[in-house]
Every structure is written in structure tokens, then in C-alpha cells.
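Single-structure report; data block below.
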Amino acid sequence: MTADLLLSQAIKVFLIARSADSYSPSTLAQYKWALDRFVLQQDKRIDEINTSDIRQFLSYLQTDYEPVRPNGDASPLSSSSLFAAWKAIRAFYKWACPEFGIPNPSMKIPPPRHMASVIVPFVQDEIKSLLKACERTKLSTSIKKSFSMQRPTYYRDRAILLTLLDTGLRVSELCRLTINDCNLQTGEIIVNPFGSGIKSRSRIVPLGASSRKAISIYLAHFPNIDKVPLFRKANEDALDRYNVLKMIVALGERAGVRNVHPHRFRHTFGIMYLRNGGDLFTLQRLLGHTSLTMTQHYLALAKSDDVAAHKKASPVDNWKL
């Protein structure tokens, strides 16, 4: 292949190549989002794009780009989104440079300053409120002011929340579960990675008694339980991560719990595991982390809990000795 392709043409080939390499849909969507906006800024021949062009694009995202979000929020992109755009550019040129025999104009561009978000776990009352919100919904009619009725997805949604909290699964891993992956007798879930398995590791995760019961009740109330996907829509199609995100955000609004999203259940599992005496290496395996780097974030928070607990319990300080 030659370098006389336009940037837009090269990006199409790149996305096809990454899809063929079994990159996850979420990674591909993230690449496409950033690279499509790069093309809108300058669709030149790929051998004509230089470091200055990439710097200008990243600066545009940070200062002039106006996000269009479903909830109407037009606030500037977060540091994590800017970091994701930089990663997409780097990934594209890592592939394109040997493919087209061009120098890499992204090599001298450092990543945007990326502040890792603070991990804030759910507290017990918040989880209870979310589970309660799964059960009933309020309706209003012209005859009665309001009444409540059981939500048709109550058993499924409750099973999803408890499974996320009990296993620390990523939401994409939860959506890929089949009935055969979940052994309700032994309390084990087989987690299979997507495609290349670059981010997610194959593993077996324990499932507690309450979660097993919730899944059993859900399957008993759901028709055609011999279907393959474990968690499904009413039309029998498998849920995807966007369906689960929408469901969980709506439950948070109904329950009056702020900042509810699927990954927060994973954070809560990791922190509670360490608080209750679990070790870091086992947690790494359960969460499917490829290294201890991310797992250590949970350890840091657990240690800060120890400091706070000691401050409250210290007889020397409290008795002012």
C-alpha cells in the first residue's frame, strides 16, 4: 500500500484491521470517535500530516470542541476523554507507519495530563436503595393520584446488580455471560475474554449464595430459560453494556443515589474485598487485571480506611494521654 491515501481512507482500513484482530466493540468505538473528529479537522494525505497538525487537533478538543451528549451536558471533555483521544491517535500511527512506510508524527507528543478518578464505593444504604428501586415503580392515572406496581424487569435487574457487586465483573463481561457460564450449584462463573483478551482475562469467579438465589429466581420467572444469553431483554436479545448502563442510571435516579454507573459496582467489590481481609494478588486475579497497577488503587483506598479507623479507635488520642 502507498502513502498517497487520504487520512479518512487510511482510518477506514485501520478500523477494519483492528476489527479483524478482534478488538472489542468499545475500543473500536472509542478509536472511531476520536479519529473521525481528527479527519474533520484535516483530511490530508497521511504522509502530509505532521506533529503540529496532531497538536492542533488535541488542543481543539481541549479548548474549542463542544461535546454533544444525550443528557444535554455541553461541558468540556474530561481529562480521561482527552487521554483516550491521544491513545487513539497513537494506536492509529503505530499501525499506519509500518503499513504505509511513513514516519510517526505522534511520537513526540506526550499524553495529556490524565488525573485518575477517585474511587468512591457504594455504602450499604445506597445498595439497599438501588435494590428497592428495582422492585416497584410509581404510576399515575386519572382515577387515582398514584399507585405502585412491580416492575416487569425486577428479578432480572436485581440479579444484575447483585452479580456485579458480588463478582466485580466488567459490564461487558456480564453481558457476554451465557447460562452455561454460570454454575448455580458450585457458585462459579466462567468469565471469557472478548477476542484478543488484551484487556480482559479468562478466569473463574466465585458467586455468593444470595446472588445465586437471585439469578435462580430470575431464570424461573423468565420464559425460555434454555436460551444462551444469561441476561436478556424482553425480546430475548442479549443485553449490551449500553442497555445495562441506561438501566442502572435510571435506578439511581429513582433511588435518589448519585453517581450510579456499572463500574462503581466493580470498585465497591474490590474495596470491600480488601477491607474484609482479601489479598491483593487474589483480587488481581478475580478482577482480571493484567498487572497490579490498577489493583493497587484499591489497596491505597483500603489503607486510607485503616488510618481513619485508627484515628477513631486510638485510645491514646481519644483519651488525650
Side-chain angles (χ1 to χ4, degrees), residues 1 5-44 46 49 53-54 57-58 60-62 65 67-71 77-100 102 104-107 109 111-112 114 117 169-178 191-203 228-229 231 233 237-249 261-263 266 287-291 294:
M1 300 182 74
L5 287 176
L6 291 175
L7 176 62
S8 57
Q9 295 171 318
I11 286 173
K12 286 181 181 179
V13 179
F14 165 70
L15 293 174
I16 292 172
R18 298 299 80 163
S19 178
D21 291 338
S22 298
Y23 277 55
S24 72
S26 59
T27 299
L28 293 174
Q30 191 176 75
Y31 285 170
K32 188 176 188 306
W33 175 88
L35 295 173
D36 281 353
R37 279 146 188 80
F38 188 32
V39 167
L40 289 175
Q41 290 294 295
Q42 50 217 338
D43 194 11
K44 300 187 292 189
I46 58 169
I49 295 174
D53 293 326
I54 299 175
F57 169 64
L58 294 174
Y60 157 75
L61 288 183
Q62 188 169 8
Y65 176 68
V68 178
R69 300 183 176 97
N71 62 1
L77 292 177
S78 65
S79 61
S80 59
S81 294
L82 294 170
F83 184 73
W86 174 84
K87 283 175 60 179
I89 296 288
R90 289 296 293 266
F92 169 70
Y93 278 105
K94 183 179 180 181
W95 169 85
C97 291
E99 190 75 19
F100 301 115
I102 59 174
N104 191 337
S106 71
M107 285 299 293
I109 300 177
H114 173 53
S117 58
L169 292 181
R170 300 177 177 92
V171 65
S172 56
E173 293 172 336
L174 177 102
C175 293
R176 289 198 299 272
L177 289 178
T178 69
V191 183
N192 293 304
F194 180 88
S196 62
I198 293 174
K199 186 174 181 180
S200 177
R201 287 291 180 259
S202 178
R203 61 196 187 278
V228 173
F231 295 113
K233 304 176 189 176
D237 291 341
L239 289 170
D240 61 33
R241 65 195 193 96
Y242 299 105
N243 300 142
V244 177
L245 171 62
K246 184 177 179 181
M247 178 268 287
I248 286 179
V249 169
H261 53 83
H263 218 64
R266 181 171 167 87
L287 292 176
H289 287 157
T290 56
S291 71
M294 184 58 207

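- A donor-acceptor contact shorter than 3.5 Å is absent between the side chain of Gln30 and the backbone of Ala84.
- Leu28 contributes atom CG, which lies 5.5 Å from atom OG of Ser19 (distance to the nearest 0.5 angstrom).
- For Lys94, there are no salt bridge (charged side-chain N to carboxylate O under 4.0 Å, His left out) partners at least two apart in sequence or on another chain.
- Scanning both residues, Asp53 and Lys44, for their nearest heavy atoms gives OD2-NZ, 2.8 Å.
- With sequence neighbours left out, Tyr31 forms a side chain to side chain donor-acceptor pair (under 3.5 Å) with no residue at all.
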What do the steps show when you test Trp95 against Phe100 for side chain to side chain contact (heavy atoms under 4.5 Å, CB included), and what is the final call?
CA-CA 9 Å; Trp95 169 85; Phe100 301 115; 3.6 Å; yes
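- Here the straight-line distance linking atom NZ of Lys87 with atom CG of Leu82 works out to 13.0 Å at 0.5 Å rounding.
- Partners of Lys246 under the side chain to side chain donor-acceptor pair (under 3.5 Å) rule, at least two apart in sequence or in another chain, do not exist in this structure.
- Here the side chains of Val244 and Phe231 are not in contact, with every heavy-atom distance at 4.5 Å or above.
- Here the closest heavy-atom approach between residue Ala34 and residue Ala85 is recorded as CB-CA, 3.8 Å.
- Judged as a side chain to side chain contact (heavy atoms under 4.5 Å, CB included), and not counting sequence neighbours, the contacts of Asn243 are Lys233, Leu239, Asp240.
- For the pair Arg266 (side chain) and Leu287 (backbone), a donor-acceptor distance under 3.5 Å is present.
- Across all their heavy atoms, Leu61 and Leu77 have their closest contact at O-CD1, 3.9 Å.
- At a threshold of 4.5 Å between non-hydrogen side-chain atoms, the residues Val191 and Leu169 count as touching.
- Heavy atoms of other residues, nucleotides or ligands lying less than 6.0 angstrom from CD of Gln62 number 12 at most.
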Sequence neighbours excluded and cut-off under 3.5 Å, please list the side-chain donor-acceptor pairs for residues 9-18, or say none.
| residue | atom | partner | partner atom | Å |
| --- | --- | --- | --- | --- |
| Gln9 | OE1 | Leu6 | N | 2.9 |
| Arg18 | NH2 | Asp21 | OD2 | 2.8 |

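- A donor-acceptor pair is defined here as one N or O able to donate and one able to accept, closer than 3.5 Å; such a pair exists between the side chain of Arg37 and the backbone of Trp33.
- Atoms CE and CD1, from Met107 and Ile54 in turn, are 11.5 Å apart once rounded to the nearest 0.5 Å.
- Residues Ile89 and Ile109 fail the side-chain proximity criterion, which asks for heavy atoms closer than 4.5 Å.
- When ring centroids are compared, Phe57 and Trp86 stay outside the 6.0 Å threshold.
- Across Arg241 and Ser26, no two heavy atoms sit closer than the pair NH2-CB, 3.1 Å.
- Across all non-hydrogen atoms, the minimal contact from Ile49 to Leu7 is CD1-CD2, 3.6 Å.
- Evaluation of the side chain to side chain donor-acceptor pair (under 3.5 Å) rule for Ser106 yields Asn104 as partners, not counting sequence neighbours.
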